[in-house]
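Since this is a predicted model, take the numbers as computed values, not measurements.
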Amino acid sequence: MAERKLLPNSVVLALSDDGGTTFDTVVCLTNVSTDATVDEIDADSFCGPDKQPGTFNQTITAEAQHLINPEAGKISGFNLKIKMIAKETLKYKIFTPVPQDGDPIEIGDCFITNLGDTYALDEVPSFSITLACKGLPDISTYEES
Amino acid sequence: MRDNNKPLRKAYLTALSNINVGGVIPVYYASLPPDIDPNSYIVFYPVNNVSSGTMQTQDTDATIRVEIHTFGYQQNTGNDADDIAAVVFQRLLPNTTSTLNLGAGLQCLSTELTDDRTEPFDMQDGRKYARRILTFRHKIFHQ
């Protein structure tokens, strides 16, 4: 498998409210980013200072433009806000819709912790969303058959 | 990605046709035909596009320049250019949510006036010439 870089605009975010059977892609995305951390646990003793790895935490943020009446398989800001108000636990997937051999696929559980709309002068109305991940994600790679 | 130039040109021709300011003001695309010399006319110029898409859509911001040319014998106060501009604004930008119908596959999301200039008056072949230049920008969603 030859070395290569991921293509710009190729990685998107999709969410599932049925446990991962079907995913709806967040449409008109302008950014997707993740921020993963592992807590540091103080493990100092009389033998000296020490640290141990603690809990894995991750948040996902995405920015997109609002799309009205999204088609099947797509989701946008207003429907996401409904899921946020309902406090639904969702499955997320970060993936490449047109994958190449070796492309990463990340799937995990999450819930929406923040959703902000922006209606600015002469700008396309947009929103930003933050997802808090629950547990550990499953990270795999796409393999061409 | 779709081509938005031809739908925009058609929409502009429709919007700017039959403007009546002391007579119907002829409208042309790109240049004035060589065999005519009207006292007042409008020329709108080719579309300039820049990409404004998202990860899943190939949208554009399209810019079009509209020039209003008026001539007067000895005198030209600029009134005709301003009166024609007033109608152009009513046709293209009557309110803050004005859009154009670009047909299937394209949605005009906005219309903005990005520039409005009145050129210094000068004399051309014994006539006083006044020109007002309007530049509009449209955000276009390529469905």
**Q** Checking A:L121 against chain B: side chain, backbone, both or neither under 4.5 Å from a heavy atom?
**A**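 The answer is neither part of A:L121.
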
**Q** Pick whichever of A:P8, A:A64, A:C28 has the most heavy-atom pairs under 4.5 Å with chain B.
**A**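 Option with the greatest count: A:C28.
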
**Q** What part of A:T25 is in contact with chain B, defined as an atom under 4.5 angstrom from a non-hydrogen atom: side chain, backbone, both or neither?
**A**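 Only the side chain of A:T25 comes within 4.5 Å of chain B.
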
**Q** Are B:D59 and B:K139 within salt-bridge range, i.e. N to O under 4.0 Å?
**A**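 Salt bridge flag = no for B:K139 with B:D59.
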
**Q** Under 4.5 Å from any heavy atom of chain B, what part of A:E63 do you find: side chain, backbone, both or neither?
**A**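 A:E63 has no heavy atom closer than 4.5 Å to chain B.
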
**Q** Which heavy-atom pair separates A:K81 from A:D117 by the least distance, and what is that distance?
**A**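 Heavy atoms only, the tightest pair is NZ-OD2, 2.9 Å.
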
**Q** Between A:D103 and A:R4, does any NZ, NE, NH1 or NH2 come within less than 4.0 Å of an OD or OE carboxylate oxygen?
**A**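 Looking at A:R4 and A:D103, the cut-off is met.
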
**Q** Keeping B:Q56 on the side-chain end and A:V26 on the backbone end, is there a donor-acceptor pair under 3.5 Å?
**A**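 Judged by distance alone, yes, a pair lies under 3.5 Å.
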
**Q** Please determine, among A:V27, A:V124, A:N31, A:L29, the option with the most heavy-atom pairs under 4.5 Å with chain B.
**A**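 Highest number of pairs under 4.5 Å: A:L29.
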
**Q** With under 30° as parallel and over 60° as perpendicular, where do the rings of A:F127 and A:H66 fit, or are they tilted in between?
**A**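 Rings of A:F127 and A:H66: tilted, as their planes differ by 30° to 60°.
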
